Amino acid sequence: MITPTQFTAATQSVRTAPGNAADRAVKRKRVLDILDAAGRDSLMLTSNTALTWYLDGSRVHISLAGDPIAALLVDRSGDHLVTFNNEAGRIAAEELPDGVSLDMVPWHGQLHAYTAGLAVDGDPLVEAAVMGELRAARQELLPAETARYAELSADSAAAMTDVLTAATPETTEFQLVSELAARIVAIGAEPLVLLCNGASRSDFRHPLATHSPIGRRAMAVVCARRNGLVANVTRWVAFDAGTAQELDAEARIAAVEADIFRATVPGARLNEVFTEIKAAYARHGFGDDQWTLHHQGGPAGYAGRDPRVTAEVTDTVVLNQPFTWNPSGPGVKIEDTVLLTDSGLRVLTVDDRWPTTEVDGRRRPLTLRP
């Protein structure tokens, strides 16, 4: 086992993980409650979502497409992080929260097997056995992580404003998302998703960028991660006044979102919200099958969606839970990251420079027309 004290003070000074002690104590209590309910003494966390949540923002990845380079055993005695020998120095200096021990295995070793072996009986509970319980433990954001999420969301919205304000009809989709990527990285975040469709590709709901110019109208989507939390935002830019059909569809999709927002209240079950989503599409002229053509979003936080909502998801909505709903129709979509507070839904992905209109008492984004 190694500890941060084995590294120089100069190295320790570059620590980047936020690690709020008060929030972490609550998270540990939530996991111990899961162990109590299961009648077990240890739990091994191995996913990026669970690790970044429990460690309160520590970075446990190298490749965005790869598995975490650490695993964690939570037991009655404490928290025990295990990583590879070539990662241990950085983890100890920059990412290890106070009170967490650190072990290492060779870079070619068996990370999960070693971590499991730290359990008293060598057989800890695994994430898959308590997925629902862990998701419930992540639902309610704590004070420090709420503040970090709000900052990330505002930064992501500002990046959208900066990039789309500077766009022209000749800007290609790749140029636009490359500018967004640069802005997201510059704020210390990781661009997990970057999408763009210009006027020639507006039928695609998940449009990976191409070399096509965006033309008269375009959508851009960013999912940005910082300290484990993921902010999601969609914006539109257009270089003309828009057709009557487009303006009508934009207003109607905002009305669908308003209905979803009204259904997102403490105590509601997510499958009940999903039922309301389906009804909202029909109510606002999109037809009974529109919900089948794209996922509708759901709770957010330490995963892009935690989880995507369907008729089978029965989690109960709680206060201080973040959401990203993303209703969409032909050529239209609306998406922001919001937080359910005791005074209602608070939109986090806000930049005051972006044009808005009032929808059901809340400011919602319009299409930007530079």
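Being a predicted model, the structure only gives us computed values, none of them experimental.
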Which atoms form the tightest heavy-atom contact between [X] and [Y], and what is the distance?
{"X": "I62", "Y": "R90", "result": "CD1-NH2, 4.0 Å"}
{"X": "P213", "Y": "P169", "result": "CB-O, 3.6 Å"}
{"X": "P191", "Y": "V185", "result": "CD-CG2, 3.9 Å"}
{"X": "Q290", "Y": "G329", "result": "OE1-CA, 3.6 Å"}
{"X": "R216", "Y": "G242", "result": "NH2-CA, 4.0 Å"}
{"X": "L176", "Y": "A220", "result": "CD2-CB, 3.8 Å"}

How far apart are the C-alpha atoms of L368 and W236, what are their side-chain angles, what is the distance that settles it, and do they pass the side-chain contact (heavy atoms from CB on, under 4.5 Å) test?
CA-CA 6 Å; L368 176 70; W236 290 81; over 6 Å; no

Supply the atom-to-atom distance [X] [atom1] to [Y] [atom2], rounded to the nearest 0.5 angstrom.
{"X": "Y302", "Y": "N227", "atom1": "OH", "atom2": "CG", "answer": "8.0 Å"}
{"X": "L348", "Y": "N232", "atom1": "CG", "atom2": "CG", "answer": "11.0 Å"}
{"X": "S47", "Y": "L72", "atom1": "OG", "atom2": "CG", "answer": "11.0 Å"}
{"X": "E95", "Y": "T83", "atom1": "CD", "atom2": "OG1", "answer": "10.5 Å"}
{"X": "F174", "Y": "L208", "atom1": "CZ", "atom2": "CG", "answer": "8.0 Å"}
{"X": "H206", "Y": "H294", "atom1": "NE2", "atom2": "NE2", "answer": "3.5 Å"}

Say whether V222 and V193 are linked into one hydrophobic cluster, either directly or through other cluster members, by side-chain heavy-atom distances under 4.5 angstrom.
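In one cluster: no.
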
Side chains of D75 and H80: is there a donor and an acceptor less than 3.5 Å apart?
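H80 and D75 do have a side-chain donor-acceptor pair below 3.5 Å.
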
Quick one: do the T210 and E173 side chains pair a donor with an acceptor below 3.5 Å?
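The criterion, which ignores hydrogens and geometry beyond distance, is satisfied for E173 and T210.
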
Parallel, tilted or perpendicular: which fits the ring planes of W291 and F274, with parallel below 30° and perpendicular above 60°?
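Perpendicular, since the angle between the ring planes exceeds 60°.
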
For the backbone of [Y] and the side chain of [X], can you confirm whether one donor and one acceptor N or O come within less than 3.5 Å of each other?
{"X": "E272", "Y": "R269", "value": "yes"}
{"X": "N326", "Y": "H295", "value": "yes"}
{"X": "W354", "Y": "R364", "value": "no"}
{"X": "R308", "Y": "G298", "value": "no"}
{"X": "Y149", "Y": "G301", "value": "yes"}
{"X": "Q321", "Y": "P299", "value": "no"}
{"X": "R135", "Y": "D315", "value": "no"}
{"X": "R28", "Y": "V74", "value": "no"}
{"X": "R226", "Y": "G188", "value": "no"}
{"X": "S178", "Y": "Q175", "value": "yes"}

Carboxylate-amine/guanidinium proximity below 4.0 Å for [X] and [Y]:
{"X": "R24", "Y": "D56", "value": "no"}
{"X": "D36", "Y": "R76", "value": "yes"}
{"X": "K27", "Y": "D23", "value": "no"}
{"X": "E257", "Y": "R362", "value": "no"}
{"X": "E133", "Y": "R40", "value": "no"}
{"X": "R353", "Y": "D162", "value": "yes"}
{"X": "E335", "Y": "R305", "value": "yes"}
{"X": "R59", "Y": "E190", "value": "no"}
{"X": "D336", "Y": "R346", "value": "no"}

More than 12 heavy atoms of other groups within 6.0 Å of [X] [atom1]:
{"X": "D67", "atom1": "CG", "value": "no"}
{"X": "Q245", "atom1": "CD", "value": "no"}
{"X": "D288", "atom1": "CG", "value": "no"}

Can you find a pair of side-chain heavy atoms, one from [X] and one from [Y], that are under 4.5 Å apart?
{"X": "L45", "Y": "L43", "value": "yes"}
{"X": "L64", "Y": "R225", "value": "yes"}
{"X": "L319", "Y": "T341", "value": "no"}

